[in-house]
2 protein chains.
Amino acid sequence: MSTRGLPAPVAPSSRDKILDVAEVLFARRGFAGVGMREVAEAAGLGKSSLFHHFRSKAQLYLAALERVLRRLDERLAPALASSLGPAEKLDRFTDALVDALAEQASAARLLLRALFEDDAFDAEAWPEGQSVERRIEAILAGITGLLHDGIEAGAFRRTSPAHVVQTLIGATVYHFASGEFGEGLLGGPLLSAQAVATRKAELKSFLHCGLAARPAQSERRETKWTS
Amino acid sequence: MSTRGLPAPVAPSSRDKILDVAEVLFARRGFAGVGMREVAEAAGLGKSSLFHHFRSKAQLYLAALERVLRRLDERLAPALASSLGPAEKLDRFTDALVDALAEQASAARLLLRALFEDDAFDAEAWPEGQSVERRIEAILAGITGLLHDGIEAGAFRRTSPAHVVQTLIGATVYHFASGEFGEGLLGGPLLSAQAVATRKAELKSFLHCGLAARPAQSERRETKWTS
DNA sequence: GTCTATATCACGATAGAC
DNA sequence: GTCTATCGTGATATAGAC
């Protein structure tokens with residue numbers, strides 16, 4: 001019958017191998033910094049064979065990014081779908097996010113590029129680009145909605161969900177994308193089990209405290225959060 | 001006699017003009033994504049004239065980055081040099097950092113690239129690269145030392161200064177580098193006076209609370225928050 | 001200091017044999 | 001599907017006139 005839906009652990013297709021090396025290379029040096037020749041050679045193919053699987057460099061880049069986002073979404077969705085309270089849900093979300101980013105450093109770097117670079121090509125012109133856009137929006141809607149619900153339920157203090165999301169992205173995506181610089185700063189590896197656990201605890205400690213609902217008395221004097 | 005040490009506001013040299021456009025272009029599309037021809041034309045020069053001022057593309061990139069770091073250091077140094085307590089010092093440092101990054105968005109982007117990209121060229125081979133390295137280390141030493149002193153003095157809870165620095169970088173440098181994405185998420189401009197003030201308040205609120213020294217009893221009460 | 005012209009090379013993408 | 005060969009373009013960088 002069909003093998004659809006089943007992973008193929010023994011025989012990775014050429015397409016998957018190309019995506020693997022493209023993900024690593026694009027993460028390291030960005031879209032413009034990687035040549036199709038380099039990707040092809042790293043995947044063990046000729047350059048023309050690569051263009052048989054992906055019609056253009058932009059399509060390859062977007063396909064690699066889309067795969068990263070798909071895997072990330074698969075890791076985050078269970079945390080958001082659980083029927084826990086907002087605080088516990090946010091903890092699970094944070095754990096899942098950190099685990100997913102720490103599992104593969106190239107994913108964090110590629111994701112960071114997607115979030116702050118104005119891509120030179122027109123992403124919307126490719127179907128992969130639209131898929132990328134939709135996946136980003138879905139993930140953002142999930143975490144933003146969680147924060148919003150928590151505020152409405154009184155579990156979090158009244159703050160700006162968007163600003164918290166930006167802080168969360170910076171504290172996770174940037175952290176695991178920081179590579180050599182981050183390791184030099186920490187004085188050790190970024191991706192060891194211990195370093196990941198420390199990061200998780202540190203981050204949750206900040207979130208726990210920074211989002212905790214407070215007595216109205218100690219609330220900010222200028223409580224006009226516009227966004 | 002000499003004009004050394006005086007700014008020249010009326011007659012910007014060709015070199016300064018080149019650095020201006022290089023900073024913007026490299027920030028937007030990275031080292032590999034910008035051509036020397038594009039820089040030259042944006043600066044109103046011929047391509048060969050550009051190579052008269054900067055011997056290579058790598059030197060131009062590093063010079064632009066070095067200028068960004070120099071200006072940032074000038075803004076941060078007063079906050080660190082003040083004779084305030086650790087908490088107030090950190091507040092001033094945060095204000096200065098946010099103001100400096102918000103003042104010019106290209107600076108934040110170029111700085112973010114410097115922190116997470118493994119540059120394709122050998123930065124150490126150029127004198128500008130060594131200067132970049134020294135300036136980054138100086139800034140890091142300043143904020144890390146401030147956090148360390150605050151912990152020793154009992155003003156901050158006992159945590160990892162390096163992790164706090166990473167969180168701080170993510171919450172500031174990434175935030176102001178996020179450009180179109182960040183504006184879409186916030187639903188408004190990133191760099192307006194109001195948005196900058198909101199970001200400052202949000203960030204200091206997180207820091208204030210996340211770093212506050214706590215009674216030893218509540219220090220490790222993570223049963224409610226950890227799954 | 002700025003220019004025109006050029007050297008040399010790598011790029012993305014295509015054609016067509018096998 | 002993979003290959004060799006090639007097209008057209010634009011890259012960094014240099015040479016030398018003015």
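Every chain is numbered from 1 and lettered A, B, ... according to where its sequence line falls, protein lines coming before strand lines.
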Worksheet item: Whole-Å distance between dT12(D) P and E41(B) CD?
Response: 12 Å
Worksheet item: Whole-Å distance between dC11(C) P and L50(A) CG?
Response: 13 Å
Practice prompt. Measure the distance from CZ on R55(B) to P on dA15(D) and round it to the nearest whole Å.
Written response: 14 Å
Discussion item. Looking at S48(A) and dT14(C), is any side-chain donor or acceptor paired with a base atom of the opposite kind under 3.5 Å?
Written reply: yes
Worksheet item: Which nucleotide in the set dG12(C), dT2(D), dT14(D) lies at the smallest distance from any side-chain heavy atom of M36(A)?
Response: dG12(C)
Practice prompt. Determine whether the aromatic ring centres of Y174(A) and Y174(B) lie less than 6.0 Å apart.
Written response: no
Item to complete: Rounded off to whole Å, could you give me the CZ-to-P distance for the R37(A) and dC9(C) pair?
Response: 12 Å
Worksheet entry | Geometric class of the F31(A)/F26(A) ring pair [parallel <30°, tilted 30-60°, perpendicular >60°] | parallel
Discussion item. Using ring centroids (six-membered ring only for Trp), state whether F54(A) and Y61(A) fall under 6.0 Å.
Written reply: no
Worksheet item: Taking NZ from K47(A) and C1' from dT6(D), how many angstroms apart are they, rounded to a whole number?
Response: 10 Å
Practice prompt. Could you tell me the separation between the NZ atom of K57(A) and the C1' atom of dA10(C), rounded to a whole number of Å?
Written response: 11 Å
Worksheet item: NA contact type, V34(B), heavy-atom cut-off 4.0 Å: base, sugar-phosphate, or nothing?
Response: sugar-phosphate
Discussion item. Would you say that E103(B) contacts R75(B) through its side chain, given a criterion of any heavy-atom pair below 4.5 Å between the two side chains?
Written reply: yes
Item to complete: Starting at atom CD1 of I18(B), determine the distance to atom P of dG1(C), rounded to an integer number of angstrom.
Response: 11 Å
Item to complete: Could you tell me the separation between the NE2 atom of H52(A) and the P atom of dG12(C), rounded to a whole number of Å?
Response: 19 Å
Worksheet entry | Residue S49(A), side-chain heavy atoms: nucleotide from dC3(D), dA13(D), dA13(C) that is nearest | dC3(D)
Fill in: Phosphate contact (dT2(C) OP1 or OP2) by H53(B) side-chain N/O below 4.0 Å
yes
